[in-house]
Amino acid sequence: MNKINVEEIDKKWQIFWSKRKNHFKNTNKKKKFYCLEMFPYPSGKIHMGHVRNYAIGDVIARYKMMKGFNVLHPMGWDSFGLPAENAARENNLNPKEWTKKNISTMKHQLQLLGLSIDWDLEISTCDEEYYKHQQELFIDFFKKGLVIRKETYVNWDPVEKTVLANEQVIDGRGWRSNALVERKKLYQWFFNISKFSDELLKDLELLKDWPEKVKLMQKNWIGKSLGCEINFKIANEDKFIKVFTTRPDTIFGATFLAISVDHPMCQSFKNSKDFIEFKKKCSQVGTTEEAIANAEKIGFKTDLMAQHPFLKEKKIPVYVANFILMDYGTGAIFGCPAHDQRDFDFAKKYKLEIIPVVKSENPNGETMSGAYTGDGTIINSDFLNNLTVPKAKEKIVNKIESKKIGKKRITFRLKDWGVSRQRYWGCPIPMIYLKNGKVVPVDKSELPVKLPNNIDINHKGNPLDSHPTWKKTKYKKTGESAIRETDTLDTFVDSSWYFIRFCSPKLTSKPFDEKSFSYWMPVDQYIGGVEHAILHLLYSRFFMRAIKLCNNKVKVKEPFKGLFTQGMVCHETYKDRNGKWLSPDQIQKTKEGFVSKIDSSKVKVGPSEAMSKSKKNIVDPESMIKIYGADAVRWFILSDSPPDRDVQWSTEGVSAAHKFVQRIWSLNDKILNKKDEKSDSKDEKKFLSKFNDYLFKISDLIENFHLNVAIAKIYEITNLLEDSLTKKISKKSLLESQIKFVKIVMPFAPHLSCECLSKLEGKNFYEDIQWPKGNKSLLKDQEVTLVVQVNGKKRGLIVTKKDLSEKDALMEAKKIENIKKNLKDKKIVKNIFVKNKIINFITT
RNA sequence: GCCCUCGUGGUGAAAUGGUAGACACAAAGGACUUAAAAUCCUUGCCCGCAAGGGAGUGCCAGUUCGAGUCUGGCCGAGGGCACCA
């Protein structure tokens, strides 16, 4: 028996596929399918996470092609971003060169996987040809009022004189300088995504093929809440503080007001020494929501007192508090410590009054070790007493409105999308500043605004800003000199429309061709990591709506019809005796366990975690492909776990996959070389019926992304075919089944499949391979196993033909010895019968 | 802190409310071989020779003829939190 040479067949078929550019051949074909995996950031080499993502996508793309769809399956590069600048700084390179080099390495590696990608459509977001159109879209959005400029906070490194990304702030300090990071206010560009808050929320309902959990996360992120505004009068002054609350029912529990440091009211004590100090303290807390939530709650007591709107005698103190954000609600709240945990913590710290106003049905809720936020009955609240929480809300809002001291209001948590970045390696924002203070877009005829090549990346601050000439320009309309915007766009902008560009990637005149767009969009299946569940997907949904607003030929508002989020690739972690991380190829397996290859000392095996450079638990895809072949690598990563959960990489696993590739190859050989013999019609019928059953099952499993189960069924078919070699089945049936079988294997292990098929059919078949059709009429020949229970316990089995009637089934069941035994001396009070499933006798 | 997800053998896992552990990995024993590799077969919680019986899907309750699956509470692990991509 000859062995398969995986390196050889990988190469052979990859060359074939590279010549096959069929994707755009027929856009008149009715059935289209746009299959897209999230494009990678060119960080250097591909990692197993990419392998998993693209292996899943390739199964779907190839399966759909075989099902007769016109499939668009492109690939590109999300090639702007911070790592290029860091690498450039470290190695004294140009970010562009570093990026280009990485792209070429990674493209080569992806091609080794044998993906059905149409490389003619390749795009890269750092190419002028790409970002030129992005600048055009930016200007379109600006003209529609979707781009705004406002002040917001950034992390500022006072030593490096640069804005830091959240990940560059470690324990409140800059990652390079180790200086304490400050919060600094800057004018920045924003996309007005909050304009679409309601629509983005409501339209989640349209996304039937999205995971529920992603929709839920987006829903919570948008955070629509119904509440009300209440004006609190400042005692002895003609001033009001407008607060927003979602719990107006707890108004009688209000014991203080808290406003944000950025609240206009703070103007009045901006010269106070104590306040300046307090503000400084606040500015040392990071800008992330997590940092704010975990920071110690601190307040600045003002000399203001607010009048309680329903209790004439009650005046409550006004604090400035670090946990109140100016960009949510009105930047002011009333504190009700008894029923809000943050308010509770704050009240404890500043020894403020705590008045319970909701009584829990369960008396244990009143221990006062924390705030009670559950349902209950209102107490201590005058006219609201004895009402439930929802009823009290209704009544108090009506009262507030009729007294004209406030009104109902809907608030969203979703903030506008800040897109300014003070960095070099990004798409320049096409705006210019005129001498008269006006800010205007660059004339479209002058696009692209190109990044300069000659920059000093080691210079502190933003390289575009410190470039000697780049920012000096002229305003086309008047010819006056002007200054360019030196901020570049957030890389999320690049990835918010790349899927649209793929519909007409070579078009130079505009971002996309409307005809191609309306044929291919929306993406039928989008596949990527769950870590993008909120931002990238939400921004893309916003972009689609913004583009629709600018172009009346665009009818699509949801870019991704179907979404699948895959899990991470994990690996065991290893540490040597000094606690230093070891990579999988630095260790060796012995009888006593793992030892270090370096000094033969014992290795401590840690839990399996997501592959990361820092923990060294990385396995390089290219070397795996070299050893085991592309098919085995793809096969293993798909077979071992459900695609939406984490998968553990293991050497045993990939080696087993390699053995299986070999097993299919030799099965193919055995069937080809089998001598024909007289068949037994009963054996043959049973075999064909079982085989036929799998054709339906596997289609179903692929369409529902149960790829690991689909692979388990492929193992079962292999077992069935191997078993049938020992039975009296005609060669014709075996050959026909084997041909169908290797076609089923195609989406998972395409090289092996094509090689087997070419041996079986002995001809060229490279154009269209059809997914094998099952025979529906054969399905009814299946045997089923009925479970027989007595009082819910399994006591016997009946193997019978499908759809046995209740009467016959009960009769058969009662004939079984063990059932007789269990029913002896008992009276049957009830029979449960579920067709083709179960019989359950309930006795006294 | 807030939001989301997941907990099933030694391991990865399977199971429209209906036989828990399909399929695979690892292990042990065996066959073939001078030997090894490769391949193939067998085994897999407890009691029992067997037939059969018992326990069992993170923990505690509940709904149901029947719960890994549904409901409530608890415990544990992971992801996201707006300038990483």
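Letters go in sequence order (proteins before strands), and every chain restarts at 1.
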Asks: Do A:E485 and A:W189 have a side chain donor and acceptor closer than 3.5 Å?
Replies: yes

Asks: Closer to the 5' end of RNA chain B via nearest nucleotide, is it A:S639 or A:I838?
Replies: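 Of the two residues, A:S639 wins.
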
Asks: Expressed in angstrom and rounded to an integer, what is the separation of A:K697 atom NZ from B:C23 atom C1'?
Replies: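 For the pair A:K697 NZ and B:C23 C1', the rounded distance is 12 Å.
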
Asks: When the distance from CG of A:L720 to P of B:A22 is rounded to whole Å, what number comes out?
Replies: 18 Å

Asks: Give A:N220 one of three labels, base, sugar-phosphate or nothing, depending on what nucleic acid heavy atoms sit under 4.0 Å from its own.
Replies: sugar-phosphate

Asks: What is the base-pairing partner of B:G76, counting Watson-Crick and G-U wobble geometry with both distances under 3.5 Å?
Replies: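 Pair assignment: B:G76 / B:C6.
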
Asks: Could you check how far CG of A:L638 sits from C1' of B:C25, rounded to whole Å?
Replies: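 The distance from CG of A:L638 to C1' of B:C25 comes to 17 Å, rounded to the nearest Å.
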
Asks: So what's B:U63 paired with, Watson-Crick or G-U wobble, going by both distances under 3.5 Å?
Replies: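 Base-paired to nothing in any strand shown.
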
Asks: Could you state the CG-P distance from A:D343 to B:G1, rounded to the nearest angstrom?
Replies: 17 Å

Asks: Is there a Watson-Crick or G-U wobble partner for B:G1 with both distances under 3.5 Å, and if so, which one is it?
Replies: B:C81

Asks: Under 3.5 Å, is there a donor-acceptor pair between the A:D416 and A:S194 side chains?
Replies: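 The criterion, which ignores hydrogens and geometry beyond distance, is satisfied for A:S194 and A:D416.
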
Asks: Measure from the side-chain N and O atoms of A:T488 to the backbone N and O of A:R423, and report whether any donor-acceptor pair falls under 3.5 Å.
Replies: yes

Asks: Would you measure the distance from the C1' atom in B:A31 across to the matching atom in B:A36 and give it in whole Å?
Replies: 16 Å

Asks: Could you tell me the separation between the CG atom of A:L797 and the C1' atom of B:U19, rounded to a whole number of Å?
Replies: 6 Å

Asks: Could you work out the separation of B:G78 and B:C45 based on their P atoms and round it to a whole Å?
Replies: 32 Å

Asks: In whole Å, measure the gap between the P atoms of B:U69 and B:G17 for me.
Replies: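 It comes out at 11 Å once rounded to the nearest Å.
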
Asks: Find the partner of B:A14: check Watson-Crick (N1-N3 plus N6-O4 or O6-N4) and G-U wobble (N1-O2, O6-N3) distances, both under 3.5 Å, and reply none if neither fits.
Replies: none

Asks: Please classify the glycosidic conformation of B:G9 as syn (within 90° of 0) or anti (everything else).
Replies: syn

Asks: Could you check which nucleotide pairs with B:A37 in any of the strands shown, counting Watson-Crick or G-U wobble with both distances under 3.5 Å?
Replies: none

Asks: Go ahead and name the base partner of B:A50; Watson-Crick or wobble counts if both distances stay under 3.5 Å, otherwise write none.
Replies: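 Partner of B:A50: none.
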
Asks: Atom CZ of A:R342 and atom P of B:G1: how far apart are they, to the nearest Å?
Replies: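 Distance, rounded to whole Å: 14 Å.
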
Asks: Tell me: CD of A:E783 to P of B:U19, nearest whole Å?
Replies: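 Nearest whole value for this atom pair: 18 Å.
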
Asks: Remember a base hit wins even if backbone is also touched, and classify A:L216 as base, sugar-phosphate or nothing at under 4.0 Å, heavy atoms.
Replies: sugar-phosphate

Asks: Write down the distance separating the C1' atoms in B:C25 and B:A35, rounded off to the nearest Å.
Replies: 27 Å

Asks: Could you tell me if A:Y328 and A:S225 have a donor-acceptor pair between their side chains, going purely by distance under 3.5 Å?
Replies: yes

Asks: Residues from residues 784-791 of chain A sitting under 4.0 Å of RNA chain B, heavy atoms only?
Replies: A:T785, A:V787, A:Q789

Asks: Which part of the nucleic acid, if any, lies within reach of A:N294 when heavy atoms closer than 4.0 Å are counted: base, sugar-phosphate only, or nothing?
Replies: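 Base, at least one base heavy atom under 4.0 Å.
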
Asks: Rounding to a whole Å, what distance do you find between A:I637:CD1 and B:G12:C1'?
Replies: 13 Å

Asks: Quiz question: by atom type and distance under 3.5 Å, do the side chains of A:N617 and A:T573 form a donor-acceptor pair?
Replies: no

Asks: Say you pick atom P in B:U19 and the same atom in B:C70; how far apart are they, in whole Å?
Replies: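 Rounded to whole Å, the distance is 16 Å.
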
Asks: Any salt bridge linking A:E160 with A:R176? Criterion: basic side-chain nitrogen under 4.0 Å from a carboxylate oxygen.
Replies: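 No, no charged N to carboxylate O under 4.0 Å.
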
Asks: In the structure shown, which nucleotide is the Watson-Crick or G-U wobble counterpart of B:A28, with both distances under 3.5 Å?
Replies: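 The base-pairing partner of B:A28, which may sit in any strand shown, is B:U42.
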
Asks: Hey, are the side chains of A:W417 and A:V493 touching, using non-hydrogen atoms and a 4.5 Å cut-off?
Replies: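 They are in contact (side-chain heavy atoms under 4.5 Å apart), so the answer is yes.
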
Asks: When all nucleic acid strands are considered with a 4.0 Å heavy-atom cut-off, which category describes A:A656: base, sugar-phosphate, or nothing?
Replies: sugar-phosphate

Asks: Is a side-chain donor-acceptor pair under 3.5 Å present for A:N836 with A:D803?
Replies: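 A pair is found: one side chain offers a donor N or O, the other an acceptor, under 3.5 Å apart.
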
Asks: Between A:W497 and A:Y130, does any side-chain donor sit less than 3.5 Å from a side-chain acceptor?
Replies: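 Present: a donor and an acceptor within the cut-off.
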
Asks: How does protein reach along nucleotides 69-84 of chain B, written 5' to 3' as B (base within reach of a heavy atom under 4.0 Å), S (only sugar-phosphate), or - (no contact)?
Replies: ----------SSBBBS

Asks: Is there a donor in the side chain of A:D157 and an acceptor in the side chain of A:S177, or the other way round, less than 3.5 Å apart?
Replies: yes

Asks: Can you check the distance between B:G9 and B:G68, where both ends of the measurement are the P atom (answer in whole Å)?
Replies: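 Taking atom P in both B:G9 and B:G68, they lie 14 Å apart.
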
Asks: Base, sugar-phosphate alone, or nothing: which one does A:P642 contact when heavy atoms must sit under 4.0 Å apart?
Replies: sugar-phosphate

Asks: For a quick check, with a 4.0 angstrom heavy-atom cut-off, what is the B/S/- contact string for nucleotides 37-57 of chain B, read 5' to 3'?
Replies: --S------------SSSS--

Asks: Classify the side-chain pair A:D646/A:S641 by whether it contains a donor and acceptor separated by less than 3.5 Å.
Replies: no

Asks: Ring centroids only, cut at 6.0 angstrom: are A:F636 and A:Y628 within range, meaning strictly under it?
Replies: no

Asks: Establish, from distance only, whether the side-chain atoms of A:Q648 and A:E572 form a donor-acceptor pair under 3.5 Å.
Replies: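 Side-chain D/A pair, A:Q648 to A:E572: absent.
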
Asks: When rounded to the nearest Å, what value does the distance between P atoms of B:A22 and B:U42 take?
Replies: 14 Å

Asks: May I ask which nucleotide in the shown strands pairs with B:U19, Watson-Crick or G-U wobble, both distances under 3.5 Å?
Replies: none

Asks: If you measure from the C1' atom in B:G80 to the same atom in B:U43, how many Å do you get, rounded?
Replies: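 The same atom, C1', in both gives a distance of 46 Å.
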
Asks: Using only heavy-atom distances, determine whether the side chains of A:E90 and A:N86 contain a donor-acceptor pair under 3.5 Å.
Replies: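 Checked: A:E90/A:N86 side chains show no N/O donor-acceptor pair below 3.5 Å.
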
